[in-house]
Amino acid sequence: MASFSAESEQGMINLGMELSSKMGLGDVVFLAGELGAGKTTLVKGVLRGMGYDGLVVSPTYTLVESYILPAGQVNHFDLYRLETARELEMIGFREMLGPGSLCLFEWP
């Protein structure tokens, strides 16, 4: 497991942009960190690095936010509020996994 940090919001975006070149469709990435550590900001950088320039929002309350890119789909999950594996099944995460999507999971 790799560990990364940044000193500022822009630094986290830049880190995400750099890491995006190492990620691809079909990958599953777990993001761990305290509340407010910048996980969503990192995802914003990943999406920017993949060419997405729209609004990026935290999936804290929606549990998943999906972004459509020319190459495929990026799914950003926040599992912080889930209490059981059944809840994960209910949001349809299995359908979002696969060779046509990059899945980023915020993990407590």
Side-chain angles (χ1 to χ4, degrees):
M1 178 172 71
S3 178
F4 302 95
S5 64
E7 297 296 320
S8 66
E9 181 177 350
Q10 188 59 51
M12 192 64 81
I13 291 170
N14 293 343
L15 176 60
M17 291 175 69
E18 183 179 328
L19 291 173
S20 72
S21 68
K22 297 170 181 15
M23 298 177 190
L25 299 178
D27 288 347
V28 175
V29 178
F30 293 95
L31 308 170
E34 299 295 322
L35 188 63
K39 297 178 294 293
T40 296
T41 304
L42 181 75
V43 170
K44 181 178 184 177
V46 168
L47 286 163
R48 294 289 181 267
M50 298 178 112
Y52 182 81
D53 64 355
L55 181 65
V56 177
V57 297
S58 173
T60 298
Y61 297 104
T62 59
L63 303 180
V64 64
E65 292 289 335
S66 297
Y67 303 91
I68 307 301
L69 306 175
Q73 184 166 316
V74 175
N75 300 304
H76 177 202
F77 298 85
D78 188 340
L79 305 183
Y80 181 76
R81 296 188 184 282
L82 295 185
E83 295 181 12
T84 67
R86 186 173 182 333
E87 290 175 288
L88 189 57
E89 292 288 344
M90 290 175 62
I91 65 171
F93 93 103
R94 287 189 193 274
E95 290 79 17
M96 295 181 202
L97 297 173
S101 67
L102 166 64
C103 291
L104 306 166
F105 286 88
E106 291 190 23
W107 192 260

Report summary line: Heavy atoms of Leu31 and Lys39 approach each other most closely as O-CD, 3.6 Å

Query raised in the report: Within the distance-only criterion (no hydrogens, no angle test), does the side chain of Ser101 pair as donor or acceptor with the backbone N or O of Cys103 below 3.5 angstrom?
Result: no

Query raised in the report: How far apart are the C-alpha atoms of Arg48 and Val56, what are their side-chain angles, what is the distance that settles it, and do they pass the side-chain contact (heavy atoms from CB on, under 4.5 Å) test?
Result: CA-CA 10 Å; Arg48 294 289 181 267; Val56 177; 3.8 Å; yes

Query raised in the report: For Asn14 and Glu18, what are the C-alpha separation, side-chain angles and deciding distance, and is it a side chain to side chain donor-acceptor pair (under 3.5 Å)?
Result: CA-CA 6 Å; Asn14 293 343; Glu18 183 179 328; over 6 Å; no

Query raised in the report: Short question: side chain of Lys44, backbone of Val57 - any donor-acceptor pair under 3.5 Å?
Result: no

Query raised in the report: Considering all heavy atoms of both residues, which atom of Ser20 and which atom of Gly49 are nearest to each other, and what is their separation?
Result: OG-CA, 3.4 Å

Requested in this report: Walk me through it: do Val29 and Leu102 pass the test side-chain contact (heavy atoms from CB on, under 4.5 Å)?
Outcome: CA-CA 8 Å; Val29 178; Leu102 166 64; 4.2 Å; yes

Query - Donor-acceptor under 3.5 Å (Asn75 side chain, Met96 main chain) - result: yes

Query raised in the report: Are Glu87 and Leu79 side-chain neighbours, meaning at least one heavy-atom pair lies under 4.5 Å?
Result: no

Query raised in the report: Tyr61 and Val43: same hydrophobic cluster, using ILVMFWY side-chain contacts below 4.5 Å?
Result: no

Requested in this report: Compare every heavy atom of Leu25 with every heavy atom of Ala71, then report the nearest pair and how far apart it is.
Outcome: O-CD1, 2.8 Å

Query raised in the report: Is Met12 reachable from Leu35 through a run of I, L, V, M, F, W or Y residues, each pair having side-chain heavy atoms under 4.5 Å apart?
Result: no

Report task. Indicate the atoms forming the closest heavy-atom contact of Ser58 with Asp78, along with that distance. Result -> OG-OD2, 4.5 Å

Requested in this report: Quick one: do Asp27 and Leu104 satisfy side-chain contact (heavy atoms from CB on, under 4.5 Å)? Show the steps, please.
Outcome: CA-CA 8 Å; Asp27 288 347; Leu104 306 166; over 6 Å; no

Requested in this report: Grab the two heavy atoms, one from Gln73 and one from Ile68, that are nearest each other, plus how far apart they are.
Outcome: OE1-CD1, 3.2 Å

Query - Side-chain cluster (under 4.5 Å, hydrophobic types only) that Met90 belongs to, other residues - result: none

Query raised in the report: Mind checking whether Tyr67 and Tyr52 have parallel, tilted or perpendicular rings, split at 30° and 60°?
Result: perpendicular

Query - Stepwise side-chain contact (heavy atoms from CB on, under 4.5 Å) test for Phe93 and Val64 - result: CA-CA 9 Å; Phe93 93 103; Val64 64; over 6 Å; no

Requested in this report: Hydrophobic side-chain clustering at under 4.5 Å (ILVMFWY, transitive links): who's grouped with Ile13? Put none if nobody.
Outcome: Met17

Requested in this report: Say whether, by atom type as modelled, one donor and one acceptor occur between the side chain of Thr62 and the main chain of Glu65 under 3.5 angstrom.
Outcome: no

Requested in this report: Taking all heavy atoms of Glu106 and all of Pro59, pick out the closest pair and write down the distance.
Outcome: OE2-CD, 4.3 Å

Query - Glu9 CD: over 12 foreign heavy atoms closer than 6.0 Å - result: no

Query raised in the report: Do other residues, nucleotides or ligands put more than 12 heavy atoms under 6.0 Å from the CD atom of Glu89?
Result: yes

